[in-house]
Amino acid sequence: FNSPNTEWFKNNYDSYKIDTNTLNNDYSNIYEYEIEIYMITRCHDSEREVPRMIKILNQLNFSEENLKIILLNSEKKSSDGYEKGKNITNTPTIIFSKNSIEKNRIVEFPHENLEKDILNIINNKNYKHVYYSK
């Protein structure tokens with residue numbers, strides 16, 4: 001996040017006020033997950049949500065070893081093809097996986113806020129992303 005393409009990151013990270021009331025809940029299940037963030041650096045939703053997500057994960061002391069950030073081009077493709085088979089339709093897409101199996105995702109923006117959506121996902125609270133349809 002020290003690139004000219006991401007000069008927005010620091011300000012958006014610093015200005016985000018974490019929902020500490022929600023963050024006081026039990027997030028211990030998050031350490032069982034791997035998280036992949038698919039983003040485009042020139043996407044206003046990625047510019048807004050990714051710094052917030054990183055700030056929340058930092059607050060929770062989430063291991064960087066379990067976090068992967070994949071940069072996509074405007075066609076939603078990465079240089080290494082990480083997005084293949086992931087059905088990335090909007091950015092950012094934040095995928096929560098256990099043992100390499102996707103359990104849930106946040107697509108473009110949260111339902112309530114990131115803190116509440118993450119809490120619902122990691123505690124299997126029947127969360128569906130905003131574009132979910134069966």
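What you see is a predicted model; the values in this text were computed from it and never measured.
- Side chain of N104 to backbone of Y127: a donor-acceptor contact under 3.5 angstrom is found.
- Y131 and I95 fall into different hydrophobic clusters, defined by Ile, Leu, Val, Met, Phe, Trp and Tyr side-chain heavy atoms under 4.5 Å apart, directly or through other members.
- By the criterion of side-chain heavy atoms lying less than 4.5 angstrom apart, applied directly or through intervening Ile, Leu, Val, Met, Phe, Trp or Tyr residues, V107 is not grouped with L67; the two fall into different hydrophobic clusters.
- Closest of all the heavy-atom pairs between E108 and R48 is O-NH2, 3.8 Å.
- When atom types are taken as modelled, the side chain of E115 and the backbone of L23 share no donor-acceptor pair closer than 3.5 angstrom.
- Both I35 and L60 sit in one connected hydrophobic cluster of ILVMFWY residues. Membership requires side-chain heavy atoms under 4.5 Å apart, directly or through other members.
- In this structure, K55 forms a cation-pi arrangement with Y13, its terminal cationic atom sitting closer than 6.0 Å to the ring centre and no more than 45° off the ring axis.
- The shortest heavy-atom contact between P92 and V50 is CB-CG2, 4.0 Å.
- Side-chain atoms of N99 never come within 3.5 Å of backbone atoms of I101 as a donor-acceptor pair (strictly under, hydrogens ignored).
- Of all the heavy atoms in T41 and E47, the pair that sits closest is O-OE2, 3.3 Å.
- Annotation for K125: atom NZ does not count as buried by contact number, only 12 or fewer foreign heavy atoms lying within 6.0 Å.
- Distance check: N113 CG to I56 CD1 gives 7.0 Å after rounding to the nearest 0.5 Å.
- When the shell of 6.0 Å around CG of D14 is examined, it contains more than 12 heavy atoms from other residues, nucleotides or ligands.
- Listed for the Y82 side chain is no donor-acceptor partner under 3.5 Å among the backbone atoms of Y38.
- With values rounded to the nearest 0.5 angstrom, Y27 atom OH is found 13.0 Å from F62 atom CZ.
- For the atom pair CD (E32) and CG (N66), the distance works out to 11.0 Å, reported to the nearest 0.5 Å.
- Between the D117 side chain and the E112 main chain, a donor and an acceptor come within less than 3.5 Å of each other.
- In the hydrophobic cluster analysis, where Ile, Leu, Val, Met, Phe, Trp and Tyr join through side-chain heavy atoms closer than 4.5 angstrom, F109 is grouped apart from I118.
- No donor-acceptor pair under 3.5 Å is formed between the side chain of H111 and the backbone N or O of K116.
- Open room surrounds NZ on K77; 12 or fewer heavy atoms of other groups in view lie less than 6.0 Å from it.
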Problem - Stepwise side chain to side chain contact (heavy atoms under 4.5 Å, CB included) test for I54 and I37 - result: CA-CA 10 Å; I54 300 299; I37 300 174; 4.1 Å; yes
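- For the residue pair S28/D26, the side-chain donor-acceptor check at 3.5 Å is satisfied.
- The shortest non-hydrogen separation linking I40 to K76 is CD1-CG, 4.2 Å.
- Residues L114 and E49 come closest through the heavy atom pair CD1-OE1, 3.5 Å.
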Exercise for the section: Please test D45 against N90 for side chain to side chain contact (heavy atoms under 4.5 Å, CB included), starting from the C-alpha separation and ending with a verdict. Expected result: CA-CA 9 Å; D45 297 309; N90 300 74; over 6 Å; no
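- Minimum interatomic distance between N25 and N21 (heavy atoms only, all atoms of both residues): ND2-O, 3.7 Å.
- Taken to the nearest 0.5 Å, the CE atom of M39 stands 6.0 Å off from the CG atom of L71.
- With rounding to the nearest 0.5 angstrom, the NE2 atom of H129 is 9.5 Å from the CD1 atom of I121.
- Using a 4.5 Å heavy-atom threshold, the side chains of N124 and N29 count as separate.
- Considering only heavy atoms from C-beta on, I94 comes within 4.5 Å of M53 through its side chain.
- In this structure, CZ on R105 lies 9.0 Å from OG on S97, to the nearest 0.5 angstrom.
- At a threshold of 4.5 Å between side-chain heavy atoms, the hydrophobic network of Ile, Leu, Val, Met, Phe, Trp and Tyr places Y31 and Y33 in one connected group.
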